[in-house]
*Asks:* 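Just passing along the structure, written as structure tokens.
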Amino acid sequence: MVRAHWLNLNGEWQFANATAGQTPPFGQNLAESVLVPFPIESALSGIQRHQDRMWYRRTFTVP
């Protein structure tokens, strides 16, 4: 029997506003943090505002 392994990525992620056509901020820390999986408009996310475009970033190690 083959068992699938998975990693839950819920938790604190880096967050930043984005603009149309902006180059992704690869390798850069983002200014804010957001609690995933909550929508950014909710108080639980820690952001609690509407954004049309945004970046999320989190690093992790694949076991």
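Sequence positions, counted from 1, serve as the residue numbers for this chain.
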*Asks:* side-chain hydrogen bond (donor to acceptor under 3.5 Å, both in side chains) with E32: which residues, sequence neighbours excluded?
*Replies:*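 Residues passing side-chain hydrogen bond (donor to acceptor under 3.5 Å, both in side chains) with E32: R49.
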*Asks:* Quick one: OG on S42 to CD1 on I47, what's the gap to the nearest 0.5 Å?
*Replies:*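 If we round to the nearest 0.5 Å, S42:OG and I47:CD1 are 9.5 Å apart.
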*Asks:* Side-chain heavy atoms under 4.5 angstrom apart, residues restricted to Ile, Leu, Val, Met, Phe, Trp, Tyr: same cluster for V34 and L44?
*Replies:* no
*Asks:* Using the salt bridge (charged side-chain N to carboxylate O under 4.0 Å, His left out) rule, collect all pairs that involve residues 18-29, keeping only residues at least two apart or in two chains.
*Replies:* none
*Asks:* Compare every heavy atom of S45 with every heavy atom of P39, then report the nearest pair and how far apart it is.
*Replies:*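 Closest approach of P39 to S45, heavy atoms only: O-CB, 3.2 Å.
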*Asks:* Sequence neighbours left out, what passes side-chain contact (heavy atoms from CB on, under 4.5 Å) with P37? Give chain and number order.
*Replies:* N10
*Asks:* Is there any salt bridge (charged side-chain N to carboxylate O under 4.0 Å, His left out) pair reaching into residues 14-31, and which pairs are they, with sequence neighbours excluded?
*Replies:*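 Salt bridge (charged side-chain N to carboxylate O under 4.0 Å, His left out) check on residues 14-31 returns no pairs.
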*Asks:* Quick test of your reading: applying ring pair (Phe, Tyr, Trp, His ring centres under 6.0 Å), list the pairs with at least one residue in residues 13-61, sequence neighbours left out, ordered by first then second residue.
*Replies:*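 Ring pair (Phe, Tyr, Trp, His ring centres under 6.0 Å) check on residues 13-61 returns F15-Y56.
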*Asks:* Show every salt bridge (charged side-chain N to carboxylate O under 4.0 Å, His left out) that has at least one partner inside residues 52-63, sequence neighbours left out.
*Replies:*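 Sorted pair list comes back empty.
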*Asks:* Please list all pairs meeting salt bridge (charged side-chain N to carboxylate O under 4.0 Å, His left out) that have one or both residues in residues 7-30, counting only residues at least two apart or in different chains.
*Replies:* none
